Amino acid sequence: MTSWSNLLAAAALAVLGGLGQGAVPSAAQAAEITVLGGMGVISGVRDLAAGFQSQTGNKVNAVFDANALAKVNAGAPADVVALNPGVIDDLIKSGKIVGMRVDFARAGIGVAVKAGAPKLDLSTVEAFKRAMRAAKSIGYSTAGSGLMVAKIMADLGLTDELKARTKFLDGFPAAEAVARGEVEIALQQINVILPVAGAELGGVLPPELQQYNPFAAGVLAVSKEKEVATAMVKFMGAPENRALVRKSGMEPPAP
């Protein structure tokens, strides 16, 4: 009986030992992926990445890259890229992205003011025009949301009137120029304004003028973790994760 008891005890320990070791590899087997995003989308990507990482245990590196498209075209190592939907479509056609495009966010335009400055009345088109005319200097970029702002100014007949007080800003968030005192106000995507220290969101464009920059994601063909990358992209577009999209000042895609 003693020998049988010893054998049973040894077998039980072996099973328990096997179960104990089986729990460890689940963490060890967690994947690590990289998501590339430009200035206009990286804030939303970071919040979604943190949510996906918390839910799945997989590590997600959300990397800001001003030249994300160039990096993708050069075959740089990464797993997911977030860009404008049309660019994602082109990358699918060229074979740089595999699977489907997933639309996950859009970003509206706001006006940055210096931290502590009064908020602006932008409630109507006329109020917006008054605020622009009252500004000592205005900044916006020559790309992305800046192109939308330029069209708005042109449509309102303000381009020539404000030309002498307009400064074009590229390579950094326009709100940084407000924080440094280089311009009084700056127009840019809301989610790009919010993280800038020394500047605040002074108001958002009225509905009649508001423009949205859409963003989508796709799995890169060069990814070595396509299963996890695909899960990440699905997570980004899932309706139940829209609170994470809104967290950084972005919005879910248009219905």
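Remember, it's a predicted structure, so these values are computed and weren't measured experimentally.
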**Worked check of side chain to side chain contact (heavy atoms under 4.5 Å, CB included) between Val35 and Asp79** = CA-CA 6 Å; Val35 183; Asp79 302 281; over 6 Å; no

**Message:** The test is side chain to side chain contact (heavy atoms under 4.5 Å, CB included); show your working for Leu187 and Ile138 and say whether it passes.
**Reply:** CA-CA 8 Å; Leu187 289 85; Ile138 301 168; 3.6 Å; yes

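- Enclosure of atom NZ in Lys234 is not indicated, since only 12 or fewer non-hydrogen atoms of other residues, nucleotides or ligands lie within 6.0 angstrom.
- Between the side chain of Asn241 and the main chain of Phe235, a donor-acceptor pair closer than 3.5 Å is present.
- The nearest pair of heavy atoms linking Val41 to Ala82 is CG1-O, 3.7 Å.
- For Lys247, the NZ atom is loosely surrounded, since the number of other residues' heavy atoms within 6.0 Å does not exceed 12.
- In the displayed structure, Lys71 atom NZ is contacted under 6.0 Å by at most 12 heavy atoms of other residues, nucleotides or ligands.
- Looking at Glu251 and Arg106, a side-chain N of the basic residue comes within less than 4.0 Å of a carboxylate O on the acidic one, giving a salt bridge.
- Checked for salt-bridge contact, Asp155 and Lys151 meet the test: a charged N lies under 4.0 Å from a carboxylate O.
- Taken to the nearest 0.5 Å, the CD1 atom of Ile97 stands 10.5 Å off from the CZ atom of Arg101.
- If you take CD on Glu161 and CG on Leu156, they are separated by 10.5 Å, rounding to the nearest 0.5 Å.
- Residue Phe128 holds its CZ atom at 4.5 Å from CE of Met153, rounded to the nearest 0.5 Å.
- With no hydrogens or angles considered, no side-chain donor-acceptor pair links Glu32 and Asn58 at under 3.5 Å.
- Atom CE in Met39 sits 11.0 Å away from atom CD1 in Ile42 (nearest 0.5 Å).
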**Message:** Test side chain to side chain contact (heavy atoms under 4.5 Å, CB included) on Val245 and Leu48; report intermediate values, then the result.
**Reply:** CA-CA 7 Å; Val245 173; Leu48 286 161; 4.2 Å; yes

**Message:** Show, in sequence, the C-alpha distance, side-chain angles and deciding distance for Val72 and Leu220, and conclude whether the side chain to side chain contact (heavy atoms under 4.5 Å, CB included) test is met.
**Reply:** CA-CA 8 Å; Val72 171; Leu220 293 170; 3.6 Å; yes

Return a table of donor-acceptor pairs under 3.5 angstrom between the side chains of residues 188-205 and protein atoms on other chains or two or more places apart.
residue : atom : partner : partner atom : Å
Gln188  : OE1  : Ala174  : N            : 2.8
Gln189  : OE1  : Asn213  : ND2          : 2.8
Gln189  : NE2  : Gly40   : O            : 2.8
Gln189  : NE2  : Asn191  : OD1          : 3.0
Asn191  : ND2  : Gly40   : O            : 2.9
Asn191  : ND2  : Ser43   : OG           : 3.0
Glu200  : OE1  : Lys119  : NZ           : 3.1
Glu200  : OE2  : Gly116  : N            : 3.4

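- Ring centroids of Phe215 and Phe104 are separated by 6.0 Å or more, keeping the two rings apart.
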**Request:** Would you sort out whether Arg130 and Glu126 count as a salt bridge (Lys or Arg N to Asp or Glu O under 4.0 Å), showing the intermediate values?
**Result:** CA-CA 6 Å; Arg130 285 195 297 271; Glu126 288 305 313; 5.1 Å; no

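- Side-chain atoms of Arg165 come within 3.5 Å of backbone atoms of Arg133 as a donor-acceptor pair (strictly under, hydrogens ignored).
- Considering all non-hydrogen atoms of both residues, Val219 and Lys226 come closest at CG1-CG, 4.3 Å.
- Distance OG/Ser137 to CG/Leu162: 11.0 Å, rounded to 0.5 Å.
- A side-chain contact (heavy atoms from CB on, under 4.5 Å) with Leu69 holds for exactly one of Val81, Asn84, Ile88, Leu91; it is Leu91.
- Scanning both residues, Val111 and Met132, for their nearest heavy atoms gives CG2-CE, 4.4 Å.
- Here the straight-line distance linking atom CE of Met232 with atom CD1 of Ile33 works out to 6.0 Å at 0.5 Å rounding.
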